[in-house]
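A quick write-up on the structure given underneath.
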Amino acid sequence: MAASTAPTTPAARGPGVPRHVAIVMDGNGRWARRRFMPRVFGHKFGMETVVRVIDDCARRGIEYLTVYAFSSENWKRPDEEVSGLMNLVLVGVSKYLTRLAKDGVRIKVMGDRSAVSEKVRQAWNEAEELTKNNPGLTLTVAFNYGGRWDIVQACKRALAEGVLAEELSEEVLSRHMALAHAPDPDLFIRTGGEVRVSNFLLWQLAYSEMYFTECLWPDFDAAELDKAIAAYSGRERRFGAVLDKAADKAPA
Ligand code: FPP
């Protein structure tokens with residue numbers, strides 16, 4: 001992997017560039033199969049892609065990047081694949097953490113950490129601790145994460161804090177969600193050709209623009225990111241309102 005040529009601190013965000021991009025990185029398994037390789041080989045290349053995309057996002061002024069690395073449902077995969085993905089966390093942290101930290105990336109991890117091994121927990125803690133004051137792009141890794149889990153854990157935390165039923169609001173719940181450190185995603189990208197959300201950020205995607213591509217995640221590059229941004233910048237975001245009321249009036 002080539003050394004970084006620019007700091008990963010976000011550049012000024014141009015017009016039409018989303019502030020927060022969330023990605024379902026699908027297609028690693030098929031990418032590997034096409035090369036007659038085990039699925040974990042695809043995930044390994046998928047991780048290299050994440051590192052490249054962090055840099056591509058920062059260069060375009062994207063401030064928040066959230067990636068779905070391991071879902072609450074991924075435990076159902078073959079043992080070899082699950083342990084391969086867990087091992088990738090350890091490899092990824094030891095291989096890339098120093099560089100990402102130097103580039104100014106702030107790393108956050110969201111998901112149920114109680115079910116992962118002590119080693120993986122420590123690796124995530126180390127990544128968060130080392131980068132917590134960094135001023136650059138915020139990378140959030142969803143790991144053992146599910147959108148339904150997130151809503152339930154937010155309710156539990158609010159209740160544990162003593163929030164009363166009549167005090168519960170969207171704003172209160174948002175503050176307890178795992179992604180409370182970031183604004184809601186502007187752009188959701190799913191690679192790999194499937195057209196579904198798969199229990200990712202169910203609460204936070206309420207008004208995100210959705211972009212689906214056939215491109216398999218290990219092949220996702222700067223040109224693919226630019227296609228997604230171009231599609232996003234052509235959308236009219238209404239957030240449930242009507243923007244041009246005059247256009248709907250019948251002619252006099
Ligand atoms: C979905 O593709 C991908 C995953 C379940 C894992 C994503 C993980 C990475 C890209 C590695 C990055 C890791 C870290 C720790 C940041 P799939 O396996 O379902 O592909 P398929 O649909 O072709 O079978």
Side-chain angles (χ1 to χ4, degrees), residues 1 8 21-57 64-101 103 105-113 115-117 119-128 130-131 137-147 178 188-201 212-221 224-225:
M1 162 116 234
T8 310
V21 175
I23 309 184
V24 174
M25 310 179 287
D26 200 8
N28 296 340
R30 278 165 285 165
W31 187 91
R33 205 165 54 232
R34 284 176 196 176
R35 287 158 180 80
F36 307 100
M37 296 299 282
R39 296 176 57 79
V40 175
F41 182 75
H43 297 315
K44 186 168 167 284
F45 269 80
M47 191 169 68
E48 310 274 324
T49 305
V50 176
V51 176
R52 265 193 295 103
V53 168
I54 293 168
D55 198 44
D56 294 335
C57 285
Y64 297 88
L65 173 65
T66 301
V67 294
Y68 207 6
F70 192 88
S71 79
S72 314
E73 290 74 34
N74 284 156
W75 296 105
K76 296 175 197 155
R77 295 191 173 211
D79 290 351
E80 184 189 281
E81 185 172 352
V82 171
S83 58
L85 279 163
M86 296 296 157
N87 196 43
L88 256 189
V89 175
L90 309 179
V91 171
V93 167
S94 79
K95 193 168 171 192
Y96 296 115
L97 180 58
T98 310
R99 175 184 142 192
L100 291 174
D103 284 350
V105 176
R106 178 172 71 131
I107 299 174
K108 305 281 276 180
V109 183
M110 62 175 186
D112 181 0
R113 288 189 212 193
V116 302
S117 72
K119 268 189 183 170
V120 170
R121 229 184 344 262
Q122 271 174 13
W124 285 137
N125 290 345
E126 185 194 347
E128 286 188 323
L130 188 70
T131 64
L137 177 145
T138 298
L139 169 72
T140 305
V141 181
F143 201 84
N144 196 21
Y145 174 88
F188 165 93
I189 299 174
R190 181 173 186 143
T191 61
E194 307 288 357
V195 184
R196 54 177 170 256
V197 172
S198 296
N199 199 18
F200 190 39
L201 302 176
F212 298 92
T213 171
E214 294 290 327
C215 176
L216 304 178
W217 176 249
D219 292 329
F220 194 86
D221 59 10
E224 292 292 336
L225 178 64

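Atoms within a ligand are numbered from 1 in the order they appear, just like the ligands themselves.
- Ligand-side atoms of ligand 1 in range of His43: 3 (C), 4 (C), 6 (C), 11 (C), 18 (O), range being under 4.0 angstrom from any heavy atom.
- Polar contact check, Trp217 against ligand 1: no nitrogen or oxygen pair lies under 3.5 Å apart.
- For Gly29, a nitrogen or oxygen atom sits less than 3.5 Å from a nitrogen or oxygen atom of ligand 1, counting backbone and side chain alike.
- For ligand 1, the atoms closer than 4.0 angstrom to any heavy atom of Ala69 are 6 (C), 7 (C), 8 (C), 14 (C).
- Every atom of ligand 1 with a heavy atom of Gly46 under 4.0 Å away is listed here by number and element: 10 (C).
- Relative to the ring axis of Trp31, Arg34 does not place its NZ or CZ within 45° and under 6.0 Å from the centre.
- The shortest N/O to N/O separation between Arg39 and ligand 1 falls below 3.5 Å.
- For atom 10 (C) of ligand 1, the nearest non-hydrogen atom of the protein is Asn28 ND2, 3.3 Å.
- Annotation: Glu128, atom CD; neighbour count of heavy atoms from other residues, nucleotides and ligands within 6.0 Å is above 12.
- Of the polar atoms of Leu85, none of the N or O atoms is found under 3.5 Å from an N or O of ligand 1, judged by distance alone.
- Between Tyr68 and ligand 1, no N or O atom pair is found at a separation short of 3.5 Å.
- At a 4.0 Å cut-off, not a single heavy atom of Glu194 sits close enough to ligand 1 to count as contact.
- Every N/O-N/O distance between Asn74 and ligand 1 stays at or above 3.5 Å.
- The proximity of Arg34 to ligand 1, defined as any non-hydrogen pair under 4.0 Å, does not occur for either the backbone or the side chain.
- Checked by distance only, ligand 1 and Trp124 stay at 3.5 Å or farther apart across all their nitrogen or oxygen atoms.
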